[in-house]
Number of protein chains: 2
Amino acid sequence: MAKDAQHPDLDEVPLTTVLAALSDPLRLGLVRLLSDGVERQWGELDTPVAKSTLSHHLKVLRSSGITRTREEGTRCYVHLRLDELERRFPGLLGSVLAAEGHGATTVGVKPQRQPA
Amino acid sequence: MAKDAQHPDLDEVPLTTVLAALSDPLRLGLVRLLSDGVERQWGELDTPVAKSTLSHHLKVLRSSGITRTREEGTRCYVHLRLDELERRFPGLLGSVLAAEGHGATTVGVKPQRQPA
DNA sequence: CACCTTATTCGATGTTCGTAGAACATCGAA
DNA sequence: TTCGATGTTCTACGAACATCGAATAAGGTG
């Protein structure tokens, strides 16, 4: 992401934007995976889409204030803005994650080459 | 709606579908208006869109299991499936309605000609 | 420096969505 | 039956979106 790593102030983000971001199966899957609060690296995310597509979806999540991206060298790490989301939309993430039969794409974690 | 007034079983509806339905400003506005549990007639809904567009949005809400439509003569009435939604997605509607700065379109209630 | 890895951006494509107007179907009332 | 009110459906179109592959930029490593 780099240059335009715009992380919006959550107070500026309308609810509709967040809901739209969460209404995509892949993005919801990503959020579910990240819901444990652990920061993941791009490469760890095991999704059924092309790299560029994944990059796009992560950008959507980022620009809607759901995730935060941090870069370290060439690697990028993502994590949910859990606390902020909870303050802005109390209970939302919880009820979203609690739902069964969510149509989310299952996103796994690829064993990543440990940067020693 | 009439012929194909399909009201899906909420258990069959994926979360992503519900979120997608709620991510539109007008639809979210409709849901907010209906959140008091009161059943409203089509004509009562004061929205800034054409009749056909409103019909479309109401159809989306209906087919995603959020609202239920009842027809009486030529009039149609809508109301939220509050209890069912709560059981299926506990807390979801509450947190959605609680959010401030939702980007919802404000939907008013038109004084309706009382069918005496 | 050459090279590999990682992620972004660009161009192209096909799909879905929101919207409106016109035509149609229904029902109730005059 | 004719008219008016109410909704639905059809058709169309531009905007937005999802997707991919190729090209690009930036960091490490040898």
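Basis for what follows: all heavy atoms, side chains included, without hydrogens, waters or symmetry-related copies. Residue numbers start from 1 in every chain, and the chains themselves are labelled A, B, ... in the order their sequence lines are given, proteins ahead of strands.
Partners of P90(A) by side chain to side chain contact (heavy atoms under 4.5 Å, CB included), not counting sequence neighbours, listed by chain and number: E86(A). For D36(B), the salt bridge (charged side-chain N to carboxylate O under 4.0 Å, His left out) criterion is met by R40(B), not counting sequence neighbours. Under the salt bridge (charged side-chain N to carboxylate O under 4.0 Å, His left out) criterion, E39(A) pairs with R70(A), sequence neighbours left out. Under the salt bridge (charged side-chain N to carboxylate O under 4.0 Å, His left out) criterion, E12(A) pairs with no residue at all, not counting sequence neighbours. Partners of L82(B) by side chain to side chain contact (heavy atoms under 4.5 Å, CB included), not counting sequence neighbours, listed by chain and number: L80(B), L93(B).
Summarising the geometry, the separation between CG on L58(A) and C1' on dT8(C) is reported as 12 Å, rounded to the nearest angstrom. Taking atom CZ of residue R75(A) and atom P of nucleotide dA25(D), one finds them 22 Å apart after rounding to whole Å. Put simply, CD on E72(A) is 13 Å from P on dG27(D), counting in whole angstrom units. Between the CG atom of L61(B) and the P atom of dG7(D) there is a distance of 15 Å, rounded to whole Å. Atom CG of L54(A) is separated from atom C1' of dG21(D) by 15 Å (rounded to the nearest Å). Atom CZ of R40(A) is separated from atom P of dA7(C) by 14 Å (rounded to the nearest Å). Rounded to an integer number of Å, the gap from K51(B) NZ to dC10(D) P is 16 Å. For the pair R70(B) CZ and dT6(D) C1', the interatomic distance rounds to 15 Å; values are reported in whole Å.
Each of G73(A) and S55(B) was assigned the nucleotide of DNA chain D with the nearest heavy atom; the assignment lying further toward the 5' end belongs to S55(B).
One N or O on the side chain of E44(A) and one on the backbone of Q41(A) form a donor-acceptor pair closer than 3.5 Å.
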Please write out each protein N/O paired with an N/O of nucleotides 16-19 of chain C under 3.5 Å, distance rounded to 0.1 Å.
residue, atom, partner, partner atom, Å
dG18(C), OP1, D24(B), OD1, 3.4
dG18(C), OP1, R27(B), NH2, 3.1
dG18(C), OP2, R27(B), NH1, 3.4
dT19(C), OP2, H57(B), NE2, 2.4

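Close to dA5(D), at under 4.0 Å from its OP1 or OP2, lies no side-chain N or O of W42(B).
Within the structure, side chain to side chain donor-acceptor pair (under 3.5 Å) pairs that include any residue of residues 87-101 of chain A do not occur (at least two apart or interchain).
Minimum atom distance to the side chain of T74(A) is reached by dT6(C), of the listed dT26(C), dG7(D), dT6(C).
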Name every donor-acceptor pair, under 3.5 Å, that has one atom in a side chain of residues 16-30 of chain A and the other anywhere in the protein, sequence neighbours excluded.
residue, atom, partner, partner atom, Å
S23(A), OG, A20(A), O, 2.8
D24(A), OD1, L26(A), N, 2.9
D24(A), OD1, R27(A), N, 3.2
R27(A), NE, A21(A), O, 2.7
R27(A), NH1, H57(A), ND1, 3.2
R27(A), NH2, A20(A), O, 3.3

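Between W42(A) and T69(A) there is a side-chain heavy-atom pair separated by less than 4.5 Å.
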Quiz item: Tell me, what's DNA chain C's dot-bracket, Watson-Crick or G-U with both distances under 3.5 Å, | for other-strand, [ ] crossing?
Solution: ||||||||||||||||||||||||||||||
